[in-house]
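Comments concern the structure below.
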Amino acid sequence: MKTHLIQPSATDTPAVQIHLLGRAPYSSRDPVRMHALGIALQRQQGVHAIASDRRVDFDTWPGTLSYTPPGVEVFSESATGGEYLVLRHAVHETDAPGPSQRVTRHGQRAALQIAQHLRLLLLSPCPDALAIEQAALRFMACQEGSACGADARPGAGYARVLDRIAAEFERPLSIADLSVMVGTSPLRFLREFTRLTGMTPHAWIMETRLQAARVMIQGSDQPLPKIALDCGFNHQSHMGHVFRKHLGLTPGQYRQHHGLKHADCP
């Protein structure tokens, strides 16, 4: 987990906590005295209970944005977890009244892009505090809803597509083949997939391969060229391009810095 604290100079302004949660099993309850705005960067499944003791199954896709107001307790549990970005800040006496219940919106492409940029900034060996603060403020604006577009409800047919991508991400996949699974044309599939997930099919597959490569790099000493091929990249340079674009690090740098104490930043 990566955590960053934004502490304003004004003493009466609440600090903002930014947490980048990695893919790992978890069982947790959110603080009930804080505003929380979170977005999934990776699909995850489990059970949760929101403002009650009634547990229900959940299947959260990337691009799913949730705002939880203070006073609403959220219990969540997953056997696998999934990468998730959450911003929390304390209740302030000048806060305007907001939603009294948890609000969830799907397919939030703009919010997802901001969150992915925040991930890149947070994973940097020498984080830029000003850049993180700016990106965090842009992400917080999505709490109002209108800044991030209309809600897009996921469907069961497209869930099967996601299952196939998760199972076969290392193999060549085409929009034509995937569109057959939901009985629609490739063009309509492209539009609908992007609307529902906040990512194009290509971006989703690249993100899935990236997540798989991160796990392998963190958990083994396998050569990078082998990891690249095992995760479906054309070659090591292709994997390196995706890592630099989305994480700001080469695979070698990611391996070097993950789990190690970072060098002092100038």
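We're numbering straight along the sequence, starting at 1. Everything quoted here is computed from the prediction, not taken from an experiment.
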Exercise for the section: Is it possible for you to say whether Phe139 and Leu120 belong to one hydrophobic cluster, with membership spreading through side-chain heavy-atom contacts below 4.5 Å? Expected result: yes
Practice task
First locate atom CG of Leu178, then atom CG of Leu190, and finally report the distance between them rounded to the nearest 0.5 Å.
Solution key: 11.0 Å
Exercise for the section: Compare all side-chain heavy atoms of Cys142 with those of Leu65 and state whether any distance is below 4.5 angstrom. Expected result: yes
Practice task
Measure the shortest side-chain to side-chain distance between Pro127 and Leu122 over non-hydrogen atoms and say whether it is less than 4.5 angstrom.
Solution key: no
Problem - side chain to side chain contact (heavy atoms under 4.5 Å, CB included) between Gln42 and Arg23, worked out - result: CA-CA 8 Å; Gln42 188 177 13; Arg23 180 179 176 87; 3.5 Å; yes
Problem - Over 12 foreign heavy atoms within 6.0 Å of NE2, His202 - result: no
Exercise for the section: Please round to the nearest 0.5 Å and tell me the distance separating atom NE2 of His89 and atom CD1 of Ile18. Expected result: 11.5 Å
Problem - Over 12 non-hydrogen atoms of neighbours within 6.0 angstrom of CD in Gln101 - result: no
Fill in the blank from the handout: So CD of Glu207 and OG1 of Thr200: to nearest 0.5 Å the spacing works out to 11.0 Å
Exercise for the section: Using modelled atom types only, decide if a donor and an acceptor are shared between the side chain of Thr197 and the backbone of Phe193 within a distance under 3.5 Å. Expected result: yes
Exercise for the section: Over all heavy atoms of both residues, which pair between Pro251 and Gly240 is shortest? Give the atoms and the distance, please. Expected result: CD-CA, 3.6 Å
Handout entry: Set of salt bridge (charged side-chain N to carboxylate O under 4.0 Å, His left out) partners for Lys245, sequence neighbours left out
Key = none
Practice task
Give every residue pair that meets the ring pair (Phe, Tyr, Trp, His ring centres under 6.0 Å) criterion with at least one member in residues 68-87, sequence neighbours excluded.
Solution key: none
Practice task
Go through the side-chain N and O atoms of Thr104 and Ser66 and say whether any donor and acceptor fall under 3.5 Å apart.
Solution key: yes
Practice task
Determine whether Arg33 and Pro70 make a side-chain contact, defined as any pair of heavy atoms from C-beta on separated by less than 4.5 Å.
Solution key: no
Completion exercise
CE (Met239) and CE (Met206) are apart, to the nearest 0.5 Å, by 12.5 Å
Practice task
Give the intermediate values and the outcome of side chain to side chain contact (heavy atoms under 4.5 Å, CB included) for residues Met140 and Val16.
Solution key: CA-CA 10 Å; Met140 289 177 67; Val16 176; 4.3 Å; yes
Practice task
Before giving the answer on side chain to side chain contact (heavy atoms under 4.5 Å, CB included), spell out for Arg109 and Arg195 the whole-Å C-alpha distance, their side-chain angles and the decisive distance to 0.1 Å.
Solution key: CA-CA 8 Å; Arg109 187 174 188 179; Arg195 184 182 71 85; over 6 Å; no
Exercise for the section: Using the rule that two of Ile, Leu, Val, Met, Phe, Trp, Tyr join whenever any of their side-chain heavy atoms come within less than 4.5 Å, decide whether Val242 and Leu229 are in one cluster. Expected result: no
Practice task
For Arg164, check salt bridge (charged side-chain N to carboxylate O under 4.0 Å, His left out) against everything at least two apart and list the hits.
Solution key: Glu168
Exercise for the section: Using a 4.5 Å cut-off on heavy atoms from C-beta on, say whether the side chain of Cys231 contacts that of Thr208. Expected result: no
Exercise for the section: Answer yes if Met216 and Leu123 sit in the same cluster of Ile, Leu, Val, Met, Phe, Trp and Tyr residues linked by side chain heavy atoms under 4.5 Å apart, and no otherwise. Expected result: yes
Fill in the blank from the handout: Rounded to the nearest 0.5 angstrom, the CG-CH2 distance for Leu196 and Trp204 is 10.0 Å
Handout entry: All salt bridge (charged side-chain N to carboxylate O under 4.0 Å, His left out) counterparts of Glu83, not counting sequence neighbours
Key = Arg119, Arg214
Exercise for the section: Decide whether His238 and Gln236 meet the rule of one side-chain donor and one side-chain acceptor closer than 3.5 Å. Expected result: no
Exercise for the section: Look at the rings of His35 and Tyr67 and say which category their plane angle falls in: under 30° parallel, 30 to 60° tilted, over 60° perpendicular. Expected result: parallel
Practice task
Give me the one residue out of Thr60, Thr64, Asp59 that meets side-chain hydrogen bond (donor to acceptor under 3.5 Å, both in side chains) with Arg43.
Solution key: Asp59
Problem - Test item: Gln116 and Leu41 side chains (from C-beta on) under 4.5 Å apart, heavy atoms - result: yes
Handout entry: Tyr158 and Trp61 aromatic centres sub-6.0 Å
Key = no
Problem - Members sharing Tyr26's hydrophobic cluster (side chains within less than 4.5 Å) - result: Phe58
Exercise for the section: Measure the CG-CD1 distance between Leu112 and Ile39 for me, rounded to the nearest 0.5 Å. Expected result: 5.0 Å
Problem - Where Thr68 and Val72 come nearest, the two heavy atoms and their spacing - result: CG2-O, 3.5 Å
Fill in the blank from the handout: What one should report as the nearest heavy-atom pair of Thr194 and Pro201 is OG1-CD, 4.2 Å
Problem - Side chain to side chain, Leu37 and Val86, heavy atoms closer than 4.5 Å - result: no
Practice task
Verify whether one side chain among Thr3 and His19 offers a donor that lies under 3.5 Å from an acceptor in the other.
Solution key: yes
Exercise for the section: Answer yes if Met181 and Ile175 sit in the same cluster of Ile, Leu, Val, Met, Phe, Trp and Tyr residues linked by side chain heavy atoms under 4.5 Å apart, and no otherwise. Expected result: yes
Handout entry: Pairwise side-chain contact, Arg188 with Ser179, heavy-atom cut-off 4.5 Å (strictly under)
Key = no
Exercise for the section: Answer yes or no: are there more than 12 heavy-atom neighbours, outside Asp53 itself, under 6.0 Å from its atom CG? Expected result: no
Fill in the blank from the handout: Ser78 and Gln44 have their tightest heavy-atom pair at CB-OE1, 4.3 Å
Handout entry: Set of residues satisfying salt bridge (charged side-chain N to carboxylate O under 4.0 Å, His left out) with respect to Arg29, sequence neighbours excluded
Key = Glu73
Practice task
For His48 and Ser76, work out which heavy atoms get closest and say how close.
Solution key: CB-CA, 4.0 Å
Problem - Option from Leu249, Ile227, Thr250 for which side chain to side chain contact (heavy atoms under 4.5 Å, CB included) with Arg255 holds - result: Ile227
Practice task
Let me see the working for Leu224 and Ile217 under side chain to side chain contact (heavy atoms under 4.5 Å, CB included), right down to the final yes or no.
Solution key: CA-CA 8 Å; Leu224 295 177; Ile217 289 174; 4.0 Å; yes
Practice task
Please answer: with hydrophobic residues joined when any side-chain heavy atoms are less than 4.5 Å apart, are Ile165 and Val182 in the same cluster?
Solution key: yes
Exercise for the section: Could you tell me which non-hydrogen atom of Ala131 sits nearest to which non-hydrogen atom of Leu121, and how far apart they are? Expected result: O-CD1, 3.6 Å
Problem - Side-chain (Gln108) to main-chain (His106) donor-acceptor, under 3.5 angstrom - result: yes
Exercise for the section: Salt-bridge test for Asp230 and Arg209: reply yes if a basic N is under 4.0 Å from a carboxylate O, no otherwise. Expected result: no
Practice task
Answer whether the closest heavy-atom distance between the side chains of Leu173 and Ile205 falls below 4.5 Å.
Solution key: yes
